[in-house]
Each structure stands twice: as C-alpha cells, then as structure tokens.
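Step one of this worksheet: look at the structure below.
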Amino acid sequence: MTVSDEVRARLQARSAEPPAPEPVRLPARRFVDRSFYEAERAEIFGKAWLLAGRVDEIARPGLYMTWEKTRVPLLLVHAVDDVIRCFYNSCRHRGAPVVRVPRGRNRALRCQYHSWTYDTSGKLVSVPDERDFVDLRREERALVPVSCEVRNSAIFVSEAPEVDLNNSFGTAGGELSVESGGLRTLDQRSVTIPVNWKRVMGRLLASPAALPRPGAGDLATTAADVELLDGGHLRIVAPFDDAGASALGLAGPLDWTDLSDADLPSVHGLGPMLSSTATTYLFFPNLFVTYTPSGIFNFTVWPGDEETTLLEATWLAPDWGEEDSPAETPAWAGRIEWAQAQLDAAAAALAGAQDEMKEPARQGLSLQDDSEAVRLWNEALDAHLRGVVPPDTLTGAAPGEVRSPLPT
Ligand code: FES
C-alpha cells in the first residue's frame, strides 16, 4: 500500500467517524520564560539541520552571504572548488566578523581589523607581520567550520548534528520524489511578529496553507490527515472540498491524479496526492514545505527571542534560466500577493497574544480537537527538551503550577 493509499483510506474512514476531541493543554511558561527559550536554542536550534538558503543565492564560486537566523553569526561560502561551506563568521585572530556585508563575492575573505585573510575553504592564507606572532601555526587558525550540506539545491546547516542530513529527513525524505533541485527562489518576504515562535508554529500547523492555483479561484480544504513521522517531521494532507476539487477538474476530493497548472512549467515528481491536495510537510523544527504543480511554498519560523519571531515566506518556481523572472506575470504576482496576505494575517491574528500569555491567571493554551498537528509538533519539541526544562512546562502538563522562573 502506498503512502497515498494509506492517507486516502484514513481520510475516508475519518469522514464516516470523526475522532473524539482530546483537549490538550500547553502551559503558558513554554511561551514566556526566557530559560525555556534558551533550552530550545541549545537543544533544538543548536543541533537540528536548518534550512539556511538555496544554492541560487550564492550560485557562483566566490559568492558568500552571512546568515544569522539563529542569532549565531555564520558565513555561507560558495568556495572556489565549487563546494558550499559554512563557517562561524569569527576571525581566528581576535574574533571580529570576517565578513561585514550581507553578501559579496571574493576569492579570499579578509578580516578588516588586522587583515588576516582566509581562502574560501577557510584556510588562513595570509597574516600581516606574521613574524610578530610567535608560535603561530596557520593550520590551527582556520575558520571554524559548521556542518553544511546541500540537498536538492537547498543549503542546510547544523552546529552540532546528531545524524547526517539524509538520515535526519527519515521517512519524510524517503517518500518524497519531488525534483526540487531544479527550482529557484522567485520571491522571499518576511514579517517580525512580537510573539513566541511556538504561537506562530501553532497557527501554521492548525490551518495549513491552501496555495492558490491559477484559474481555480479560492480553494478551501477539509479536515487534514496528520501523521507524525520519525525525526519529528509531520505530513499534513488536506483534501480540497467538493467545490475545490471540481474547480481543479478532480472527480472528487479523494480522486487524486497528476495535475498541472495551465500555462506554467511544472515541478516534476509531485505525484497524484501532492498535486491534488493541499499537502504540507513540516520538517522539524521549523520548515513548512507546501506543494502545487507549478511551484513550492515554504514558511520558515525563526525565534528572535522568547517573544519575537521572524516568519519568512518563500516561493520557489521551476528555474527560468536566462529569461525574465516570472514574478510579474499575473499568476505569480497573485501568488506573491497571497504570500504577503498570509504574513499580514499571521501578524494581525497574533497581535497581543504574547501579552495575553503573560497574564498571571493564564495557565496556558487549550488545544482544540482540530489541533492534532499542533499537539504532535509540541510533543516532538518536548522530546528534545525532556530532562532539560521542568516537567510542568511540557505539553499536557496539569494546570495550576506556581509561576516561577525556571532553574538555569
Ligand atoms: S580580528 Fe581579524 S585580523 Fe584581527
């Protein structure tokens, strides 16, 4: 039985017998305490493989860009030997940033302070007045590397990986045959929201995006099939409703077939389920990937601190080569407008949410029965934090705890 068959069978069974609601509580301290956030930084963002960008952003040897989404200054370099590498952006002389501009191109990376110079493989290649540095061994002063791997043209980094990148994707990586390596960043935009990142994650998980499809009008979805996969990843398959299925030319919401979007180049390898539903894969911890026959949409969610979140929206389209970017065409302009509307809606919906969570009487969030994905994701998060944060801050902990600072 294929994944698609299993999902369809569960969806058919579900419509006959809706699951009983199981309210689950998320304690307020998860969202407001600084030390809970610090634990997330250390145990999750300090270890997980994180999407840092795409090769098309540093497409040619010598191009580099700084990357600080986890608040750790990193430097991504397309080295002259054609390998994408990542380093801490910290000079091995006195720790100044080696690169001070967000993007650039050079065959060598020269620190502005005292001109120590590194090649694009991180090797220290030049030290002015080197004789003044007694016992300096250049080979011991290379830039400090950070694990960096490229998969399907996406660049992932991890400061302390516990498994290699391919293993980290687990089942989710194995069941996807989408050829996303030929895609290119068409548009990227973001919004900073004054709320804990888990509230943003919760919003996106509870109502996954039904991406606009050219000529199909507004598409609505029905209850999703949610499955927790190994590694904490989630597959969320939301069939379109009858009207949506009809607008897409499907015989019914569960009659999936290979679709394409009229007049737009196709993303290859989607298969019937991904092209006929609103399917999102959440790659733990913070990357949402949603599919259409002609483009892929990502949300990435980055905590700035315990009460600030950067929400980033990215559209990827089949590479348009030397042609003009299709961003101005009506179909893509509409999709970009839609992405901006999603960011605006998230910011509006979560305005004031952080202050509400700080109210002394507030004991947390009670998840509704349609929030299965939110619960599963929070539990996956807890799997990394258990033993590090107090038990009464974990998903489902009983209400009534005394609010006090977490031990540090
Ligand atoms: S701190 Fe970089 S050369 Fe001195």
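This structure is a prediction, so every number in the text was calculated from the model and none was measured. In listed order, ligands and their atoms are each counted from 1.
Atom 4 (Fe) of ligand 1 has an N, O or S atom of H114 closer than 2.8 Å. Note on C111: not counted as a metal contact of atom 4 (Fe) of ligand 1, no N/O/S atom lying under 2.8 Å. Among the backbone and side-chain atoms of H93, no N/O/S atom is found under 2.8 Å from atom 2 (Fe) of ligand 1.
Per-residue contacts place S115 under 4.0 angstrom from the following atoms of ligand 1 (heavy atoms of the residue considered): 3 (S). When each atom of ligand 1 is checked for a heavy atom of R94 under 4.0 Å away, the hits are 1 (S). Remark: ligand 1 atoms within the under-4.0 Å shell around heavy atoms of Y113 are 1 (S), 4 (Fe). Listed by number with element, the atoms of ligand 1 under 4.0 Å from a non-hydrogen atom of W116 are 3 (S).
A salt bridge links R189 with D187; the closest basic N to acidic carboxylate O contact falls under 4.0 Å.
More than 12 heavy atoms of other residues, nucleotides or ligands lie within 6.0 Å of CD in E139, so this atom counts as buried by the packing criterion.
Within the cation-pi definition used here (under 6.0 Å to the ring centroid, within 45° of the axis), R335 does not qualify as a partner of W338. Both tests pass for K198 against the ring of F31: distance under 6.0 Å to the centre and angle within 45° of the axis.
Ring geometry for H384 versus F284: interplanar angle under 30°, hence parallel rather than tilted (30 to 60°).
Side-chain contact of D56 with T185: a donor-acceptor pair under 3.5 Å is present, judged by distance alone.
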